Amino acid sequence: MREASSRRLRLPRGEGAGAWLCAGSVALSLLALLALLALLTVRGLGHFWPSPVELVVLEDGRQLAGERIREVPLARGDGVERLYRTGNRDLDGDRWAWVRVAAIEAVSHPVDLVVLERRRWGQAIGRLAAFQAASGERIEGEAAWAALEARLDELTALRDARDRLREEVILPLAARRGDEGLADGELTAAHGRLRELQAAMAGGRLILDTADGDSLSVPLEQVLGARRPNAMSTLDRLAAWGEGVWRFLSEGPRAANTAGGVWPAIFGTVLMVMLMSILVTPFGVLAAIYLNEVAHQGRLTRLVRIAVRNLAGVPSIVYGVFGLGVFVYGIGGRLDRWFFEASLPSPTFGTGGLLWASLTLALLTLPVVIVATEEGLARIPDQQREGALALGATRLEMLSQVVLPMAAPAMLTGVILAVARAAGEVAPLMLVGVAKLAPQVPVDGDFPFLHLERKFMHLGYHIFDAAFHGGDVQAAMPLVYATALLLVLVILVLNLTAIFLRHHLSTRHGALTRR
Amino acid sequence: MLDSPPPTAVRRRLRQGRDRLATALITAGGIGVIAALLAIGIFLAVEVVPLFWPTGDSSAISPEALWGVGEDAGEAADEAIRHRWAPTASLAPGETPRISLAPLAWGTLEAAAWALAIAVPLALGAAAHSSLFMSRRLRSRLKPTLELMEALPGVVVGFVAGLVLAPWVERHLAEVVACLVLLVPGLLLAGGLRSWLPAPWREALPLGWAGLWLVPWLALVLAASVWLAPWLEAVAFDGDLRRFLELRLGLDIAVRNALIVGAAMGFAVMPSVYALAEDALSGVPASLAEGAQALGATRWQTLWRVVLPAASPGIFSAVMIGAGRAVGETMIVLMASGNAALMTLNPLDGLRSLAATIAIELPEAGPGGMHYQLLLLAALALFVFTFLVNTLAELVRTRLRRRYQRLGGGS
Amino acid sequence: MPLVKEQRSSPDSAAIIDFPPEASSLAIRGLSLAYGDKPALNDLTLRVPRHRVTAFIGPSGCGKSTLLRVLNRLHDLNDEVVREGEVLLEGEDIHAPEVSVAELRRRVGMVFQSPNPFPMSIHDNVAFGLRLQGGLSKRKRDDIIEWALRSAALWDEVKDRLRASAWSLSGGQQQRLVIARTLAVGPEVLLLDEPASALDPISTLKIEELIRNLKSHLTLVLVTHNMQQAARVSDYTAFLQHGELVEYAPTDTLFTNPRLARTENYITGRMA
């Protein structure tokens, strides 16, 4: 007995099994979060890394060239199957090839394998057999690659020159045509120059020999880029990776959202979120000031406050239904009948669009802003209000000069949280205005410049659409990963800002109460 | 002596007028904004009314039809046929429309139940650990980290669950089972091993930081279970778990199933349950826990006997909030569930939730039609359910706060 | 200021001093006040002499702070307050509908228990009230700020750092800054609600000295639970209990020779 009790004293008291299971649940949650972020990062960023191209010789003598994607064990333990991305969809009808690893005889990495990025049909992989210049001159062998690279650089420069000409000369001229006689002449000259550039870009093609012995003839204007991944140094790859990331961020989608970039989706998301914050900030702050500073603090106000808090927990899809029923069908339909009768029955405002989406999300995030602002207001000691009033300030002066400046960080936190929530919200947008593919961004040079009725693209919806409605999900996956990573990054940065602000806020108010 | 000039009457009246105007504007604006928010419920209710009270051309539907087609539907009185959601199917004259909301409500609740089954133990465990054992520094970092987890958009979680996790699980059922089986022993093993370590090592691995240093250990355990899985499958499940499930237990296996939805949604719901539960646990006046520890209770006994009972209303409201979120979550269910309107108890079958149905079908349903109104009814059901659950949680929480104040004041 | 007649109509009011209307700046007549259904003040009638320091003393919850807040109409912030009776400032009813609350509060300044400078610079704190009134050149405003800070005996300590945050000052300095801020708008009456209770003894002495200096051109009303302080700085003292005025007399008389047993018990610490 004595011994037992002294042992208990000596040993550090165990906390039992429960403590470890509790610690384990923290660890498991963190592990899940880490795994998710790591998955998105690796797959999202890895896609742009120019991976080596393998030339595979099979037992039966067939050959194929492609990037190795992954391996999957066959059912019942019959070895392993490997997936290659072989491209050349126009030849084979498929850009993937499953190969049993046991059936592979040899794998090599020839430096002369070329990967073409094309406007249509996606990638093409093969050996460059010949390069045919616009003049008809045909170059073969190693010189062909050099000539192709030079010509592609040239084409890029020409394209840039054309775009510049269009945006800086022709569009401004066309906008003020008829003002002066002089502009017409300039315009004709510019158009002439444009035609010259286009002529310089036309023509030329290349011949690609694929691994299985076919031959592919590709016109040069179809080619977006060409590289020989096996011949690249690490530095080259890094450069190619950077370029890939940049093009992902700056270009529009191609090939039914399975290739290209997400620029319109970024633009649409940002524009929608900006409109939403412009709508939600004043109204949210107004409602919070009313609830906290003006309203009679009775039972009714308490009830309203609970209701507002609860509205933050109402599913977003319900807000989407409200937006569709009230904004789109109700207000939008009426606007169409009054102002856009000419274009009926095709709706203008009576269908989902930028304005309705922003309004719906503003409503959805209103409780967030109200609650955050109210908390900020409630934290300001009454002495500050009384101090201002005792100096002869009116209520407006007290609010605008003492209370609101002190509550500003809380308001900002609320707005940032609202923005973060809105940026990730997809379900209501599916009802009120998001589009699978919207080639026209809602901002352009036509009056009134900002087209509130247009549909727009959204990063979150882009993920859903590319992953579930694309023809070739396998091909879209890398871009979906990249888009998901981008969305998560945006939201993480917004949330971190809010957390930082809140921390800053609490230390400041700590100073206030410590006094 | 210096004196400021008395302000002029004009200016005084101007200031007063501005103040009155601003107060009126704030009042009007505030009431307007709040009314607009509260209008959501009213709008849904008003739009749904014609379903039950016919107005002219449209005929009312009976509440029974919303539950399921009656016995008169013919010989197929099978459960799966009776409760069917097919509002757009063309009907023979005289046939009752198949508009049973029952499978959708079932799917919603099933998904939420699985999500809670995963989220609640994780969240409560994490909350208990962080309020009792965790070092203060780690705790102040963990909270924002889990907040970030909460902020992850549903569409991303749904994508990973539906297109990455689901196919992987389908191919690696045995590995998943092995991970589940070995998770708990693995954690206990960590605790056991640590107590055998020499003292300096043990001090390097304090319980307060266990949440962090267990992460690599857990990864190791999971890797080991994946490695052990074929053996487990051979010994326990006749060498093929899939066949075992299908033949022995009669379970169909869908790629996207309720368990996948539960796991993904559990991941999404866990942080909000954690945050509220942690608030409730750490809000328990320290005097209570200190009193118990002064009587010789371990920290774990203190948690179990004193802190948990005191905080139980707060934990209840945390679970309620989690339920509200899980019921309304749209994108995760939409992407990870397969959206087949089934009413089965099999967790490996697909399901279809109210929210996902609204998202898929509402854009196609013409305004004013029966289909449209049915979907609005579904939205109303979601609204009422979440609103009630949240109100309940809020009331319980308010009462709890008052109780803490009393306890804190008495000590 | 001539001390005038003492009312002797009823036993209780025998102990209450009165001043002629022309010598008093504030007159309270039949004032009752309740928070909802909880009464706080019960039928108070008294006058506050001009350019003197009047102290209100009494146990906690006797209504002395409530009374101070009525004089400044700060109870307007609370919707539940029910009030009867009237308060006259220089003969005008401060609750009359045509009175501007902001203007009233400019004329009747108030300093609170714990210092409450705004989160601005020292200069801006003092300029706050002046900017609200408007119509002053920057030069004139700066002159007033300097004067106010000098009057509050703070100028020498802060003149080199007027742009520093007001929250960087010590508690006593903050309280003097708040007094300066109030002086700057040119009040006629200054209400002080336990102005030194949150301060250390040295700061307290400075504030007390300041109060004695300010009565040359201001009417001061001081609420305190510190009887030594009331005895040190005030000219007249009113003792309140349970929301009623018990005794009101020159400070010397009240502390050395109270008329009523209740007052004596409180002053000597024999409170039930």
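These numbers come from the heavy atoms of this one structure, side chains and all, not from hydrogens, waters or symmetry mates. As the structure is a prediction and not an experimental result, all values here were calculated from the model. Just so we're on the same page: letters track the sequence lines, and every chain starts at 1.
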Looking at every heavy atom in both [X] and [Y], which two are closest together, and how far apart are they?
| X | Y | answer |
| --- | --- | --- |
| A:Gly392 | B:Arg15 | O-NH2, 2.7 Å |
| B:Pro363 | A:Met430 | CG-O, 3.8 Å |
| A:Leu311 | B:Phe383 | CD2-CE1, 4.0 Å |
| A:Val318 | B:Ala379 | CG2-O, 3.8 Å |
| B:Phe43 | A:Val326 | CD1-CG2, 3.4 Å |
| A:Ala287 | B:Val33 | CB-CG1, 3.8 Å |

Atom pair [atom1] ([X]) and [atom2] ([Y]), whose distance is rounded to the nearest 0.5 Å:
| X | Y | atom1 | atom2 | result |
| --- | --- | --- | --- | --- |
| A:Phe468 | B:Met335 | CZ | CE | 4.5 Å |
| B:Gln16 | A:Leu396 | CD | CG | 12.5 Å |
| B:Met331 | A:Ser316 | CE | OG | 9.0 Å |
| B:Leu303 | A:Cys22 | CG | SG | 6.5 Å |
| B:Ile358 | A:Leu431 | CD1 | CG | 8.0 Å |

Would you mind reporting whether [Y] and [X] have side-chain heavy atoms less than 4.5 Å apart?
| X | Y | value |
| --- | --- | --- |
| A:Trp20 | B:His129 | no |
| B:Thr386 | A:Asn310 | no |
| A:Ile491 | B:Pro153 | yes |
| A:Leu30 | B:Leu142 | yes |
| B:Val155 | A:Tyr461 | no |
| B:Leu152 | A:Leu33 | yes |
| B:Leu382 | A:Ile317 | yes |
| A:Asn495 | B:Glu147 | no |

Is [X] in contact with chain B via its backbone, its side chain, both, or neither, using a 4.5 Å heavy-atom distance?
| X | result |
| --- | --- |
| A:Leu417 | neither |
| A:Leu363 | both |
| A:Leu286 | both |
| A:Leu485 | neither |
| A:Ala362 | neither |
| A:Ile499 | side chain |
| A:Leu494 | neither |
| A:Leu28 | both |
| A:Ala427 | both |
| A:Phe322 | both |
| A:Tyr319 | side chain |
| A:Val321 | both |
| A:Val294 | side chain |
| A:Arg43 | neither |

message: Taking the ring of A:Tyr481 and the ring of B:Phe159, is the distance between their centroids below 6.0 Å?
response: yes
Between [X] and chain A, with a heavy-atom cut-off of 4.5 Å, which part of the residue counts as in contact: side chain, backbone, both or neither?
| X | answer |
| --- | --- |
| B:Leu183 | side chain |
| B:Leu122 | both |
| B:Ala365 | backbone |
| B:Ser195 | neither |
| B:Glu394 | side chain |
| B:Leu44 | side chain |
| B:Met149 | both |
| B:Arg18 | both |
| B:Leu165 | neither |
| B:Val160 | side chain |
| B:Arg194 | side chain |
| B:Trp213 | side chain |
| B:Phe385 | neither |

- prompt: Does the side chain to side chain contact (heavy atoms under 4.5 Å, CB included) test come out yes or no for A:Val26 and B:Leu212, once each step is laid out?
  reply: CA-CA 8 Å; A:Val26 176; B:Leu212 212 55; over 6 Å; no
field: Options B:Ala359, B:Ala378, B:Ala22, ranked by heavy-atom pairs under 4.5 Å with chain A, top entry
entry: B:Ala359
Give the member of [options] that has the highest number of heavy-atom pairs under 4.5 Å with chain B.
| options | value |
| --- | --- |
| A:Leu21, A:Leu399, A:Ile289 | A:Leu21 |
| A:Ala498, A:Gly24, A:Ala423 | A:Gly24 |
| A:Ala295, A:Gly424, A:Ala288 | A:Gly424 |
| A:Arg309, A:Glu425, A:Glu397, A:Arg421 | A:Glu397 |

query: Around A:Phe283, counting heavy atoms of other residues, nucleotides and ligands shown, do more than 12 lie under 6.0 Å from its CZ?
result: no
field: Donor-acceptor contact below 3.5 Å, side chain B:Asp19 vs main chain A:Thr394
entry: no
query: Could you walk me through whether A:Leu324 and B:Leu362 pass the side chain to side chain contact (heavy atoms under 4.5 Å, CB included) check?
result: CA-CA 9 Å; A:Leu324 183 72; B:Leu362 193 58; 3.5 Å; yes
query: For A:Val308 and B:Leu38, what are the C-alpha separation, side-chain angles and deciding distance, and is it a side chain to side chain contact (heavy atoms under 4.5 Å, CB included)?
result: CA-CA 8 Å; A:Val308 167; B:Leu38 299 179; 5.8 Å; no
